[in-house]
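Single-structure report; data block below.
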Amino acid sequence: MPELPEVETTRLGLVPRVVGRRIRDVVVREPRLRWPVPRDLAGRLRGAAVSAIRRRGKYLLFDVGAGHLLVHLGMSGNLTVVSPDRPVRRHDHVDLVLDSGDIVRLNDPRRFGAVLWVRDPERHALLESLGVEPFDGAFDGAWLRRAAHGRRVPVKQFLMDSRVVTGIGNIYANEALFAARIHPSRPAGRISRPRLDRLAAESRAVLSRALAKGGSTLRDYVGSDGAPGHFQLEYAVYGRAGEPCPACGAPVRVARQAGRSTFYCPACQR
DNA sequence: AGAACCACCTGGCAGC
DNA sequence: TGCTGCCAGGTGGTTC
């Protein structure tokens with residue numbers, strides 16, 4: 001589930017119940033995530049207050065005392081606030097027990113997620129090379145033009161490159177390229193400036209719509225039953241191979257790029 | 001330097 | 001029903 005809108009929805013759901021609280025304890029049931037959960041994590045966090053929860057790309061940063069707790073949800077992770085009587089389920093790997101009694105619980109079947117301690121986010125390897133945020137004003141056609149200059153990589157892979165712009169995953173890359181009418185395998189450096197302007201705008205628009213949907217299910221998303229209960233955006237092309245293009249009716253095509261499925265309309269996207 | 005692959009892991013589903 | 005193979009929302013690391 002977690003693309004940028006889901007991560008931001010998670011953040012918004014956590015803030016009111018977590019910011020300002022102290023961490024009473026940390027329970028690590030399974031430390032083998034993408035990287036091992038630091039052994040001294042509980043020692044660092046116990047007793048500390050969470051002063052803010054921020055997001056950079058798809059990384060969540062809990063500001064706590066002398067450093068930050070970094071959480072990434074990988075492909076299958078979710079972070080919910082649950083009450084202490086909630087039974088532990090399969091893949092409930094990490095709990096933050098708050099002084100309110102609430103528990104912030106990470107469930108992640110595939111274990112591609114991460115829970116790390118970060119002293120200085122500005123100089124952390126996972127964060128320092130990240131590109132612009134899609135909702136930042138700096139993300140526009142000029143930014144894409146600079147980053148794409150001379151590059152022959154297919155624009156879809158370019159758009160998913162977190163060093164260029166953070167948080168655009170496979171679904172939204174497909175949707176943004178469709179909305180901008182750009183063929184996913186076109187070399188990034190060979191797209192005109194006006195089309196890059198449109199690509200930036202459409203990328204932002206697609207993410208905004210998804211975020212608006214996520215926001216409307218916020219209560220469910222971090223609710224007491226923990227059911228993610230999303231309510232998905234209608235995708236124009238993603239997952240719709242063979243179905244008619246919503247713009248022209250031609251069958252949506254699926255191809256493989258860098259090991260990922262790419263959905264596009266061969267008639268509309270050039 | 002840039003691009004193409006691989007790796008990590010579990011669960012769900014189609015097909016037999 | 002149960003098995004096998006394939007696919008899945010991410011991204012760092014290795015190889016060419």
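Heavy-atom basis, side chains included; hydrogens, waters and symmetry copies ignored. Lettering of chains follows the sequences in order, A, B, ..., and the numbering in each one begins at 1.
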When the distance from [atom1] of [X] to [atom2] of [N] is rounded to whole Å, what number comes out?
X	N	atom1	atom2	value
A:Arg260	B:dA3	CZ	C1'	16 Å
A:Leu73	B:dT10	CG	C1'	16 Å
A:Gln257	C:dC7	CD	C1'	17 Å
A:Lys156	B:dA3	NZ	C1'	15 Å
A:Lys58	C:dT11	NZ	P	4 Å
A:Leu70	C:dT11	CG	P	11 Å
A:Arg32	B:dC9	CZ	P	8 Å
A:Leu33	C:dG10	CG	C1'	14 Å

Choose from [options] the nucleotide whose nearest atom is closest to any side-chain atom of [X].
X	options	value
A:Arg34	C:dG9, C:dG10, C:dC7	C:dG10
A:Gln157	C:dG9, B:dG11, B:dA4	B:dA4
A:Pro109	C:dG10, B:dG11, B:dA4	B:dG11
A:His91	B:dA3, B:dG11, C:dG9	B:dG11

* Asked: Can you tell me how far P in B:dC6 sits from the matching atom in C:dC6, rounded to whole Å?
  ->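 Taking atom P in both B:dC6 and C:dC6, they lie 14 Å apart.
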* Stem segments of DNA chain C by first residue number [Watson-Crick or G-U, under 3.5 Å, at least 3] ->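 Ordered by first number, the stems with DNA chain C (at least 3 consecutive pairs each) read B:2-8 with C:10-16, B:10-16 with C:2-8.
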* Modelled atom types, side-chain donor and acceptor of A:Asp108 and A:Ser76, under 3.5 Å ->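 Present: a donor and an acceptor within the cut-off.
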Can you tell me if [X] has over 12 outside heavy atoms packed within less than 6.0 Å of its [atom1]?
X	atom1	answer
A:Arg204	CZ	yes
A:Arg181	CZ	no
A:Glu128	CD	yes

At 4.0 Å (heavy atoms only), tell me whether [X] reaches a base, stays on the sugar-phosphate, or touches nothing.
X	value
A:Tyr59	sugar-phosphate
A:Arg163	nothing
A:Arg152	sugar-phosphate

Within the pair [X] and [N], is there a side-chain N or O less than 4.0 Å away from OP1 or OP2?
X	N	value
A:Arg151	B:dA1	no
A:Ser76	B:dC9	no
A:Arg90	B:dC9	no
A:His72	C:dG10	no

Check this for me, if you would: do [X] and [Y] make a salt bridge, where the nitrogen-to-carboxylate-oxygen distance has to be below 4.0 angstrom?
X	Y	result
A:Arg89	A:Asp92	no
A:Glu8	A:Arg55	yes
A:Asp95	A:Arg29	yes
A:Arg21	A:Asp99	yes

* To do: Output the residues of residues 110-123 of chain A in contact with DNA chain B, where contact means a heavy atom of the residue under 4.0 Å from an atom of the strand; sort by number or write none.
  =>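 Those residues are A:Arg110, A:Arg111, A:Phe112.
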* side-chain hydrogen bond (donor to acceptor under 3.5 Å, both in side chains) assessment of A:Asn107 paired with A:His91 -> CA-CA 5 Å; A:Asn107 182 284; A:His91 309 305; over 6 Å; no
* If you measure from OG on A:Ser208 to NZ on A:Lys213, what distance do you get to the nearest 0.5 Å? ->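 A:Ser208 atom OG to A:Lys213 atom NZ measures 13.5 Å (nearest 0.5 Å).
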